[in-house]
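This report refers to the structure that appears directly beneath it.
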Amino acid sequence: MKIKKAKVMGFCMGVKRAVETAESMAEREDGRRVFTYGPLIHNPVVVNGLQERGVGVLAPGEPLPEPAGVVVIRAHGVAPAVRQMLEAAGWQVTDATCPRVLRSQKIAEAASVRGETVIVVGDRNHGEVRAVAGCARDTVVIQEPADISALRLGAACTVIAQTTIKQEEYDRIVSLLKEKFPDTRFETHQTICPATGERQEALRLLLDECDAIVVIGGRSSANTVRLAHTARLAGKPVWQIESESDVLPEMTAFETVGITAGASTPQHVIDGVAAALERLSAKRT
């Protein structure tokens with residue numbers, strides 16, 4: 001069995017920055033607990049690794065522990081009201097929000113000042129979407145085309161995409177909005193992270209060379225789930241796993257197996273999966 005790796009995979013810039021920020025705060029703080037507000041990223045391996053280094057997780061909506069400590073805002077960001085709540089409770093806030101998410105938040109804030117409705121296209125339960133929507137007074141979240149039918153929109157709207165959705169999903173929603181509301185002025189923004197498209201394109205190239213695909217990343221990671229979906233649409237056997245402990249013997253029953261990984265997957269996890277596949281392949285020969 002041969003293993004081929006996607007040319008682009010693993011940590012993106014925003015995730016790398018968030019992890020390094022949390023690790024740095026854990027090393028610098030003396031006597032005060034360090035937490036992240038919600039899981040730092042959608043990867044349990046990384047979150048567990050941070051917990052081993054003393055970085056806890058504050059569950060959004062749960063009472064804050066006492067005494068107040070240091071809290072790192074995760075890569076997905078938080079709504080301004082959440083940050084204000086933390087600061088009012090005496091917490092030292094360190095912001096590790098992805099710069100691209102921060103840009104979306106600023107666009108939403110500016111549109112709100114202009115009195116426009118802010119439309120966020122993405123998963124309504126995703127932390128990033130909630131954070132961006134929380135930056136405006138009048139917001140609508142569109143997760144799928146069916147959500148458009150019940151909308152009532154005014155004269156002007158600003159449309160923002162979740163950074164990890166596919167471009168074609170966003171374009172489809174924008175097209176339907178303009179079709180249903182021809183009298184509304186839509187200001188659309190290209191807020192999808194290039195890392196999402198780069199990983200999708202690298203996977204498409206990999207699909208031409210492989211008989212099966214292993215996608216590595218957190219099961220709740222949006223971009224990881226979309227990578228697995230793309231591979232399945234190509235008709236290839238696909239496994240979405242989180243770490244080398246999920247590697248199965250049947251993955252090695254192919255001449256060539258491709259490996260890709262979501263933007264919140266660290267390199268050591270990718271290397272561990274590749275090594276586990278090689279070990280299992282060696283046993284079959």
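Bear in mind that the values here come from a model prediction, so they are computed numbers and not experimental data.
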Mind checking the CG-CD1 spacing from Leu203 to Ile259? Nearest 0.5 Å is all I need. 12.5 Å
Looking at every heavy atom in both Ala202 and Ala6, which two are closest together, and how far apart are they? CB-CB, 4.2 Å
Close side-chain approach of Ile73 to Leu86, heavy-atom, < 4.5 Å: yes
Examine distances only and state if a side-chain atom of Arg130 and a backbone atom of Val78 form a donor-acceptor pair shorter than 3.5 Å. no
Anything under 30° is parallel, anything over 60° is perpendicular, the rest tilted; go ahead and classify His76 against His42. tilted
How long is the gap from OG1 on Thr265 to CD1 on Ile270, to the nearest 0.5 Å? 6.0 Å
Quick one, Gln240 with Leu227, criterion side chain to side chain contact (heavy atoms under 4.5 Å, CB included). Give me CA distance, side-chain angles, the key distance, then yes/no. CA-CA 9 Å; Gln240 183 185 339; Leu227 285 170; over 6 Å; no
Would you say Phe181 and Ile148 make side-chain contact, with heavy atoms under 4.5 Å? yes
Answer yes or no: does atom NZ of Lys236 have more than 12 heavy-atom neighbours from other residues, nucleotides or ligands under 6.0 Å? yes
For Ser112, does its backbone N or O pair with a side-chain atom of Arg137 as donor and acceptor, under 3.5 Å? yes
Closest non-hydrogen atoms of Gly154 and Thr184, given as atom of the first, atom of the second and distance, are O-OG1, 2.8 Å
Between Leu40 and Val55, is any pair of side-chain heavy atoms under 4.5 Å apart? no
Linked, directly or transitively: Val129 and Ile107 (ILVMFWY side chains, under 4.5 Å): yes
According to a hydrophobic-cluster definition based on side-chain heavy atoms being under 4.5 Å apart (Ile, Leu, Val, Met, Phe, Trp, Tyr only), do Val72 and Phe11 belong together? yes
Same cluster or not: are Ile241 and Val269 linked, directly or through other Ile, Leu, Val, Met, Phe, Trp or Tyr residues, by side-chain heavy atoms under 4.5 angstrom apart? yes
So Pro145 and Ile173, do their side chains get closer than 4.5 Å, heavy atoms only? yes
Distance-only donor-acceptor check, side chains Thr230 and Lys166, under 3.5 Å: yes
Members besides Val57 in its Ile/Leu/Val/Met/Phe/Trp/Tyr cluster (side-chain heavy atoms under 4.5 Å): Val47
Measuring from atom CD of Glu128 to atom OG1 of Thr163, what distance do you get when rounded to the nearest 0.5 angstrom? 3.5 Å
Looking at Glu66, I want to see if its CD is surrounded by more than 12 non-hydrogen atoms of other residues, nucleotides or ligands under 6.0 Å. no
Worked check of side chain to side chain contact (heavy atoms under 4.5 Å, CB included) between Ile119 and Leu153: CA-CA 10 Å; Ile119 299 174; Leu153 299 179; 4.0 Å; yes
Transitively linked via ILVMFWY side-chain contacts under 4.5 Å: Val82 with Val34? no
Measuring only between side-chain heavy atoms, which start at C-beta, is Pro237 closer than 4.5 Å to Asp211? no
Before giving the answer on side chain to side chain contact (heavy atoms under 4.5 Å, CB included), spell out for Leu50 and Glu23 the whole-Å C-alpha distance, their side-chain angles and the decisive distance to 0.1 Å. CA-CA 7 Å; Leu50 287 171; Glu23 291 175 342; 3.8 Å; yes
In this structure, are over 12 heavy atoms from other groups packed under 6.0 Å from His268 atom NE2? yes
Does Lys7 pair with Glu198 as a salt bridge, N-O distance under 4.0 Å? no
Do Thr188 and Tyr170 have side chains that get closer than 4.5 Å, going by heavy atoms? yes
Using side-chain heavy atoms (C-beta onward) and a distance below 4.5 Å, is Gln200 in contact with Gln167? no
More than 12 heavy atoms of other residues, nucleotides or ligands under 6.0 Å from CD of Glu209: is that the case? yes
Using 0.5 Å steps for rounding, measure from the CE atom of Met1 to the CG atom of Leu280. 8.0 Å
Contact summary for Ser264 and Ser221, nearest pair of heavy atoms: OG-OG, 3.8 Å
For residues Val121 and Val118: do they belong to one hydrophobic cluster (side chain heavy atoms under 4.5 Å, members Ile, Leu, Val, Met, Phe, Trp, Tyr)? no
Which heavy atom of Pro266 sits nearest a heavy atom of Asn43, and at what distance? CD-ND2, 3.9 Å
Just wondering, do Thr252 and Val257 contact through their side chains at under 4.5 Å, heavy atoms? no
When rounded to the nearest 0.5 Å, the distance separating CH2 of Trp91 from CG of Leu64 is 6.0 Å
Quick one, Arg199 with Cys12, criterion side chain to side chain contact (heavy atoms under 4.5 Å, CB included). Give me CA distance, side-chain angles, the key distance, then yes/no. CA-CA 10 Å; Arg199 280 153 184 74; Cys12 65; 4.1 Å; yes
Kindly check if the number of other-residue, nucleotide or ligand heavy atoms within 6.0 Å of CZ (Arg172) is above 12? no
More than 12 heavy atoms from other groups under 6.0 Å of CZ on Arg152: no
Nearest-0.5 Å distance, CG of residue Asp123 to OG of residue Ser220: 10.5 Å
